[in-house]
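Worksheet: the structure to be examined is printed underneath.
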Amino acid sequence: MTGNYPVTDPLGTPYGRVMAERTVVISGGGTGIGLAAARSFARTGDRTVLVGRRAEVLRRAAAGIDGAVACPADLTEPSGARAVADFVAREFGTVDVLINNAGGNGLLEPPPEEQVRADPLARTAHDWTVNFRLNTLTAVLLTEALHERLASPGGRVLFLSSIAAYRGSGSGSYGASKAALHPYAHDLARRLGPRGITVNVVAPGLIDDTEFFAGRMTEERRRARVAETLNGRAGTPGDVAETLHWLSSPAADHITSQVLQVNGGAERGH
Ligand SMILES: NC(=O)c1ccc[n+]([C@@H]2O[C@H](COP(=O)([O-])OP(=O)(O)OC[C@H]3O[C@@H](n4cnc5c(N)ncnc54)[C@H](OP(=O)(O)O)[C@@H]3O)[C@@H](O)[C@H]2O)c1
């Protein structure tokens, strides 16, 4: 799988030639945890495909990472997932690692119209739909678009869940949309196991330095979340990135259909 590949992004921008070991597709790779994961894989010589909706954010991220290319797409739409699969097929052929990291709690999405805001049931329907689309559908569509391209044996599929899948986080919608990924991952692990592909879920607790909270995390709330940990600190994107990297390594070949929590012990024992 080692090679020297000419690469252009889907908009035709050449990225020169990259020397890399594996092809790693990272949704939400332009910011936060996904960006840290891209840096982590690049350190071991892997080429990364960074997927997200904002082309400029992806371009900036890719420009700073060896072997990274930007692939703008909205993964809530089948056409977006298909565009990523077409790009990967054209440029690389095989996907060694798929990291389904795109997601959020809706705070960064456009607010609903006034009419919807004024109607509690319509607002609830909006909130649950947004969370399901952002967290569940993005991951399922990208996985279904790419699963035939996964390296076999040795491929890896990873999902980003959350501590909220175990304990909720307010409205129930975000945690539920993450928890929905767990049974999907178990079924997928069963489906892909015979091909020598592992499927796992990583569920972080509070992680600093991401766009996730849209600047709305108060100092008081952050202190309370940190106080729940056993090591007295918030997580970093690097904490999650290194876990994803290890689960993608040959060392983790016998680990599949598991949910691994990265939260300093804030939630324990599942
Ligand atoms: N930060 C935390 O404390 C925390 C804790 C537990 C779990 N998580 C999970 O970790 C993952 C990464 O989040 P983060 O904390 O790094 O926050 P982030 O910086 O907001 O990253 C989310 C990424 O997902 C992308 N994305 C969102 N919707 C998308 C769509 N429809 N199509 C393609 N890409 C999309 C965003 O890019 P665009 O907006 O440009 O599309 C963004 O790059 C998420 O799944 C999140 O739920 C985070």
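Remember, predicted model here, so these are calculated numbers, not experimental data. The figures that follow rest on heavy atoms only: side chains count, while hydrogens, waters and symmetry mates do not. Just follow the structure's listing: the first ligand is 1, and inside any ligand the first atom is 1.
Across the listed options I33, V262, L107, I33 owns the non-hydrogen atom lying nearest to atom 13 (O) of ligand 1. Summarising the contacts of atom 6 (C) of ligand 1 with P237, A37, P204, A214, the nearest heavy atom is found in P204. Closest heavy-atom approach to atom 44 (C) of ligand 1 among the candidates L108, N101, N135: N101.
Between the side chains of D239 and T236, at least one donor-acceptor pair of N or O atoms lies under 3.5 Å. One side chain, T23 or R47, offers a donor N or O that lies under 3.5 Å from an acceptor on the other. Side chain to side chain, S27 and N101 fail the donor-acceptor criterion of an N or O pair below 3.5 Å. Counted by atom type alone, T44 and E21 present zero donor-acceptor pairs between their side chains at under 3.5 Å.
By the 4.0 Å N-to-carboxylate-O rule, R167 lies close enough to E228 to be salt-bridged with it. A salt bridge is absent between R53 and E77: the closest approach of a Lys/Arg side-chain nitrogen to an acidic carboxylate oxygen does not fall below 4.0 angstrom. With respect to the salt-bridge test (charged N to carboxylate O, under 4.0 angstrom), the residues R117 and E114 qualify.
Of the protein's non-hydrogen atoms, S161 O, 3.2 Å is the one closest to atom 7 (C) of ligand 1. T210 CB, 3.7 Å is the protein heavy atom nearest to atom 14 (P) of ligand 1. Scanning all protein heavy atoms for the shortest distance to atom 23 (C) of ligand 1 gives G28 CA, 3.6 Å. The protein heavy atom nearest to atom 46 (C) of ligand 1 is Y174 OH, 3.6 Å. Among all protein heavy atoms, the one lying closest to atom 27 (C) of ligand 1 is R53 NH2, 3.5 Å. In terms of protein heavy-atom proximity, atom 21 (O) of ligand 1 is closest to T31 OG1, 3.1 Å. Scanning the protein for heavy atoms near atom 34 (N) of ligand 1, the closest one is G52 CA, 3.5 Å. A102 CB, 3.6 Å is the protein heavy atom nearest to atom 35 (C) of ligand 1.
For A139, the side chain to side chain contact (heavy atoms under 4.5 Å, CB included) criterion is met by N100, F159, L181, not counting sequence neighbours. Not counting sequence neighbours, the partners of A180 by the side chain to side chain contact (heavy atoms under 4.5 Å, CB included) test are T136.
The ligand atoms of ligand 1 that sit less than 4.0 angstrom from a heavy atom of S162 are 6 (C), 7 (C). The distance from ligand 1 to the heavy atoms of F213 drops below 4.0 Å at these ligand atoms: 3 (O). Counting the atoms of ligand 1 from 1 in the order shown, those under 4.0 Å from a heavy atom of D74 are 30 (C), 31 (N), 32 (N). The contact set between ligand 1 and L75, taken as ligand atoms under 4.0 Å from a residue heavy atom, comprises 30 (C), 31 (N), 32 (N), 33 (C). Heavy-atom contacts of G32 reach the following atoms of ligand 1: 16 (O), 19 (O) (cutoff under 4.0 Å). Close contacts between ligand 1 and R54 involve ligand atoms 37 (O), 38 (P), 39 (O), 40 (O) [criterion: under 4.0 Å to a heavy atom].
Residue contacts with ligand 1, taken as heavy atom pairs separated by less than 4.0 Å, involve L134 solely via side-chain atoms from C-beta onward. At a 4.0 Å heavy-atom cut-off, ligand 1 does not touch R133 at all. Only backbone heavy atoms of A73 (N, CA, C or O) come within less than 4.0 Å of ligand 1; its side chain stays farther off. Proximity of T138 to ligand 1, defined as any heavy-atom pair under 4.0 Å, is confined to the side chain (atoms from C-beta onward).
Using a 4.0 Å cutoff on heavy atoms, G80 does not count as a contact of ligand 1. Put simply, part of T76 is less than 4.0 Å from ligand 1, judged by heavy atoms.
The environment of CZ in R191 is crowded: more than 12 heavy-atom neighbours from other residues, nucleotides or ligands sit within 6.0 Å.
For the side-chain contact (heavy atoms from CB on, under 4.5 Å) with I207, the qualifying choice from I33, I163, N263 is I33, the only one to do so.
The shortest side-chain heavy-atom distance between L230 and R268 falls under the 4.5 Å cut-off. Using a 4.5 Å heavy-atom cutoff, the side chains of L192 and L150 are in contact.
Between G29 and ligand 1, a contact under 3.5 Å exists for no N or O pair.
If you look at Y174 and F132, their ring centroids are not closer than 6.0 Å.
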